[in-house]
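Values in this document were obtained by computation on a predicted structure and should not be read as measured data.
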Amino acid sequence: MLTQPPLPISRTHLPGGMERLHPDIWRASQLAQDNHAILSSGYVTLNKELPNGGWPLGQLIEILVAQAATTEIKLLLPALRNLGRRPVALLAPPHIPLACAYQTEASMNIPLLWVASAKHIDSLWAAEQILKNGSCGALLFWQTQIKTEALRRLHLIAQKSQTLFVVIRPLQAAQSPSPAVLRLALKPQASGIQVDILKRRGAVSDTPLFLYLNNHPYLTLRSTEYTHPDKINRFGKDVDFLSDLKNDLSKEAAKDLLSSAGIK
């Protein structure tokens, strides 16, 4: 009687045996854990939903927005603060960057490189050169029309760098294929950002995340209704107001809000 030989022990008995075969192999029910470098997003809730616990460096990330220049900078700002003195390249943004406002938001002096181009092909060339040079800590590239082939080429170039590479596209691009290892859809809310993880290495994300922003205009407006000068923290927000808010938030969202506002 013929019997099938047993599978190697690394595939049957050892925990995580499949993951040890190659760093790019992961189980569909789990988030991928590999040796790729990451940069913390600055949000506890979001980090828990990202493979390796942060933004992947040297990989293509796509952020899809309903209106450009409304939520993507807010989402990325905590990570950009941790780039040290490496410049942040803003390639083909939809509006002229207001450097003084950016520096105020960032709360520190981060070098900015603004690259404007008249033609789409020039933007692609500039993106390649920035990634190949590797001196920029982050490249934020706004695109409304870009082919999958061009994205794939940029993704391959980015893999030779340690750059936080983000392409910002319209929400409609979610219907198009993409080589990005991570795709997020952002929607502005009254007091923060709703984040839908459309694609990641690992288990499918079915539940949107809500990230509260302590310096969101809505919170700033509401905080002015409470005037307790002795309880104003370093962000100029009312501590009692923010503390009351956590009663309406999930445990993780409250942790993000109070941590970013400097409240223990």
Side-chain angles (χ1 to χ4, degrees), residues 31-65 68-94 97 99 102-103 105-115 123-124 126-143 146 150-169 173 178-186 193 195 197-202 209 211 213 260:
L31 289 180
Q33 299 292 330
D34 50 41
N35 297 323
H36 291 132
I38 60 103
L39 180 66
S40 173
S41 71
Y43 300 95
V44 176
T45 306
L46 182 57
N47 281 346
K48 289 184 177 181
E49 297 298 325
L50 298 179
N52 291 331
W55 299 119
L57 299 179
Q59 305 282 328
L60 171 60
I61 302 170
E62 279 193 10
I63 292 181
L64 311 183
V65 295
T70 55
T71 52
E72 60 271 28
I73 295 295
K74 288 284 189 182
L75 177 69
L76 295 170
L77 203 53
L80 300 182
R81 291 192 185 107
N82 295 323
L83 291 175
R85 295 293 301 168
R86 298 179 69 192
V88 174
L90 309 177
L91 177 54
Y102 176 85
Q103 299 298 353
E105 287 278 4
S107 302
M108 61 187 299
N109 186 25
I110 301 177
L112 291 179
L113 175 63
W114 172 32
V115 182
S123 296
L124 295 177
E128 289 190 16
Q129 303 313 306
I130 293 171
L131 292 172
K132 288 178 179 178
N133 182 271
S135 60
C136 289
L139 169 58
L140 311 186
F141 186 17
W142 282 264
Q143 279 292 289
I146 185 170
L151 288 173
R152 186 175 295 111
R153 177 181 174 86
L154 292 175
H155 178 50
L156 291 174
I157 296 174
Q159 290 178 9
K160 300 178 182 179
S161 73
Q162 291 293 306
T163 302
L164 177 63
F165 177 37
V166 182
V167 175
I168 298 99
R169 306 177 67 189
S178 170
V181 298
L182 181 63
R183 297 185 95 185
L184 308 178
L186 307 184
I193 303 174
V195 180
I197 301 178
L198 306 180
K199 179 183 178 182
R200 63 181 176 181
R201 288 177 167 174
L209 304 178
L211 304 180
L213 302 178
S260 61

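At most 12 non-hydrogen atoms from other residues, nucleotides or ligands lie less than 6.0 angstrom from CZ of Arg153. Within 6.0 Å of the NZ atom in Lys132, the count of heavy atoms belonging to other residues, nucleotides or ligands exceeds 12.
Counted by atom type alone, Ser40 and Asn82 present zero donor-acceptor pairs between their side chains at under 3.5 Å.
Exactly one of Ile168, Val166, Leu151 qualifies for a side-chain contact (heavy atoms from CB on, under 4.5 Å) with Glu62. That residue is Leu151.
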Going through the checks in order, is the side-chain contact (heavy atoms from CB on, under 4.5 Å) test met by Trp55 and Leu46? CA-CA 10 Å; Trp55 299 119; Leu46 182 57; 3.9 Å; yes
Using the rule given for side-chain contact (heavy atoms from CB on, under 4.5 Å), can you reason through Val88 versus Leu113, listing the C-alpha separation, both sets of side-chain angles and the distance that settles it, and then say yes or no? CA-CA 6 Å; Val88 174; Leu113 175 63; over 6 Å; no
Carefully, step by step, assess Gln159 and His36 under the rule side-chain contact (heavy atoms from CB on, under 4.5 Å). CA-CA 10 Å; Gln159 290 178 9; His36 291 132; over 6 Å; no
Working for side-chain contact (heavy atoms from CB on, under 4.5 Å), residues Leu57 and Ile38: CA-CA 5 Å; Leu57 299 179; Ile38 60 103; 5.7 Å; no
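Taking each heavy atom of Phe165 and Ala158 in turn, the nearest pair found is CD2-CB, 3.8 Å. Closest of all the heavy-atom pairs between Trp142 and Ala69 is NE1-N, 4.2 Å.
Under the 4.5 Å side-chain criterion, counting only non-hydrogen atoms from C-beta, Arg86 is not in contact with Ser135.
Atom CD1 of Ile73 and atom CG of Leu90 lie 6.0 Å apart (nearest 0.5 Å). Atom NZ of Lys199 sits about 9.5 Å away from atom CG of Leu182, to the nearest 0.5 Å. Rounding to the nearest 0.5 angstrom, the gap separating the CG atom in Leu184 from the CD atom in Glu49 is 11.0 Å.
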